[in-house]
Amino acid sequence: MSSRYAVILAAGQGTRMKSKLYKVLHRVCGRAMVDHVLTQVEAAGLDQIVTIVGHGAEAVESLLGERSEYAFQEQQLGTGHAVLQTEERLGDKEGMTLIVSGDTPLLTAKTFEKLFAYHQAKGAKATILTAKADDPTGYGRIIRNDLGIVEKIVEQKDASREEAAVTEINTGVYCFDNQTLFNALHQVTNNNAQGEYYLTDVIEIIKAAGGIVAAYQMPDFSESLGVNDRVALAKATQIMQQRINEAHMRNGVTLVDPATTHIDIDVKIAADTIVEGEVTIKGHTEIGSDCYIGAHSELIDAKLHDGVHVTSSTIEEAEMMNGSDIGPNSHLRPKAIIGEQVHVGNFCEIKNATIGARTKIGHLTYVGDATLGEDINVGCAVVFVNYDGVQKFHTTVGDHSFIGSNSNLIAPLKLEDHSFVAAGSTITDDVPEHAMAIARARQVNKNDYWQKLPLAHDQNWL
Ligand code: UD1
Ligand code: CA
């Protein structure tokens, strides 16, 4: 098989995005657009990949790292000029070159494979990936002659009224005979409406030199969607989301209302888990089997083992073991590790803390920087006081302890196994095993206090 190379165009600023962030770094379902493109290009199994960077070069390179080589385009003089910047790396090579834009995140490796196969079957020097668009606005149009043979690509801004009416569009993806491509690129001029060196002009140039130009029309236009503004970004996200959700459903995950369920591309969910609507699952979250994720939950880089029950809660960079549950309205923050069968109820916040199996933290509690053992009962509104305004301190609570409601545990602190804290205590000293700590003012009853109130003698006031 002849060698296959790929060029990814990613040097443009993306003015139409009206953003500080470079266009190809905008995310679709949790991954930058250019990363989506590279991932699919990689899956097509190529010998060499070169990404053209310019605007945001450093950011793009640090994101993609060694997965790609880079060529730098100092000034964005057009897509043709951009590809020419790879000449040093690819110019003299023999084989086929795939060109893809960094702003078409929905294209798949399968489509690239089909394009390569079609290109070879046709013995072409250039093959354009095209699609039929309901609304071709903004895309280059594929101009064919009476016999249906491709003549050229005309950009929207250079198109006559007749040409603009054509609905077959250039997806911005091509397969070229590599050396033919670079020869043609040297002949491209910037004599057009935008004063740019268009890559699309090589088609006419290759034809004029007698090379066969083919066009492979893909069946699904939406896959070729190019993202130039935020309207298209939302559209791409919607399509990608549908793909992701359908894959999960086919894998045995119940999505009760897929239209309102937002799952990033790198999320993993095992079979027989149920996800209600209005749920957002981001980053590299992993969810086991037989879990339940209730409406209005947000999971970010979370890890849930099997049979975990979440009710409208936020879980970020935290882990929940088998059979644990949380919510409604609780928040697990980074490094919260919730043990097996642990119950975290409502309005709780847990951060940088390990909670042992079967421990219960039912209501209105903050646990920060702590290690809790097994079978502990934490009452209502307990505060692990971990911060003195400068430093953070740790609290350890032993197995089978009982922390009464409305207690403050002022760290650093160690409560041994089977310790008992009376409700309303502010604990500042360690508690030994089997001891009860009580730290609150004793109750005083002021008898006949009522009689001292002036109003008490008023017949109308009781
Ligand atoms: C381009 C095609 C158009 C096609 C459309 C498909 C040309 C002239 N037009 O138009 O026929 O229908 O894609 O989506 O090629 N870039 C650079 N350097 C530059 C200019 C652009 O790297 O100097 C990069 C951009 O970052 C982007 C890609 O090339 O990733 C395409 O550029 P863009 O300006 O979006 O081209 P379109 O107007 O969409
Ligand atoms: Ca574009």
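Remember, it's 1-based here, ligands and their atoms both numbered in the order they're listed. Values in this document were obtained by computation on a predicted structure and should not be read as measured data. Numbering starts at 1 and runs along the sequence shown.
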Participant: Out of all atoms in ligand 1, which are within 4.0 Å of some heavy atom of Ala10? Include the element for each.
Facilitator: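 It comes down to these atoms of ligand 1: 22 (O), 26 (O).
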Participant: Within the structure, does Ala82 bring an N/O atom to less than 3.5 angstrom of an N/O atom in ligand 1?
Facilitator: no
Participant: For atom 14 (O) of ligand 1, what's the nearest protein heavy-atom neighbour? Residue, atom name and distance, please.
Facilitator: Thr171 O, 3.8 Å
Participant: Taking distance alone, with N or O pairs closer than 3.5 Å, would you say Asp103 contacts ligand 1?
Facilitator: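 Yes, there is a polar N/O contact under 3.5 Å.
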Participant: Are any of the N or O atoms of Gly12 closer than 3.5 Å to those of ligand 1?
Facilitator: yes
Participant: Does ligand 1 have a heavy atom under 4.0 Å from the side chain of Asn228, from its backbone, from both, or from neither?
Facilitator: side chain
Participant: Donor-acceptor pair, His119 side chain versus Ala124 backbone, under 3.5 Å?
Facilitator: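 Checking the backbone N and O of Ala124 against the side chain of His119, a donor-acceptor pair under 3.5 Å is found.
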Participant: Where does Ser224 meet ligand 1, judged by heavy-atom distances below 4.0 Å: at the side chain, the backbone, both, or neither?
Facilitator: neither
Participant: For the residue pair Lys392 and Tyr387, would you count it as a cation-pi contact if the rule is NZ or CZ under 6.0 angstrom from the ring centre and within 45 degrees of the ring axis?
Facilitator: yes
Participant: Say whether Leu199, considering both its backbone and side-chain N or O atoms, lies within less than 3.5 Å of an N or O atom on ligand 1.
Facilitator: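 In this structure, Leu199 places no N or O atom under 3.5 Å from an N or O of ligand 1.
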Participant: Mind checking whether Gln73 contacts ligand 1 via backbone (N, CA, C, O), side chain (CB onward), both or neither, at a 4.0 Å heavy-atom cut-off?
Facilitator: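 For Gln73, only side-chain atoms sit under 4.0 Å from ligand 1.
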Participant: Check each heavy atom of Glu196 against ligand 1 and say whether those closer than 4.0 Å belong to the side chain, the backbone, both or neither.
Facilitator: neither
Participant: Can you find an N/O atom of Gln75 closer than 3.5 Å to an N/O atom of ligand 1?
Facilitator: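 For ligand 1, there is no N or O atom that lies under 3.5 Å from one belonging to Gln75.
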Participant: Return yes if a side-chain donor-acceptor contact under 3.5 Å exists between Glu349 and Ser330, otherwise no.
Facilitator: no
Participant: Measure the distance from atom 4 (C) of ligand 1 to every protein heavy atom, then report the residue, atom name and distance (to 0.1 Å) of the closest one.
Facilitator: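 Protein heavy atom at minimum distance: Asn170 O, 3.2 Å.
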Participant: Heavy atom under 4.0 Å from ligand 1: found in Ala11's side chain, backbone, both, or neither?
Facilitator: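 For Ala11, the contact with ligand 1 is made by both the backbone and the side chain.
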Participant: Angle at the Ca ion (ligand 2) between OD2 of Asp103 and OD1 of Asn228, to 10°?
Facilitator: 80°
Participant: So is there a nitrogen or oxygen of Thr79 less than 3.5 Å from a nitrogen or oxygen in ligand 1?
Facilitator: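 There is such a contact, yes.
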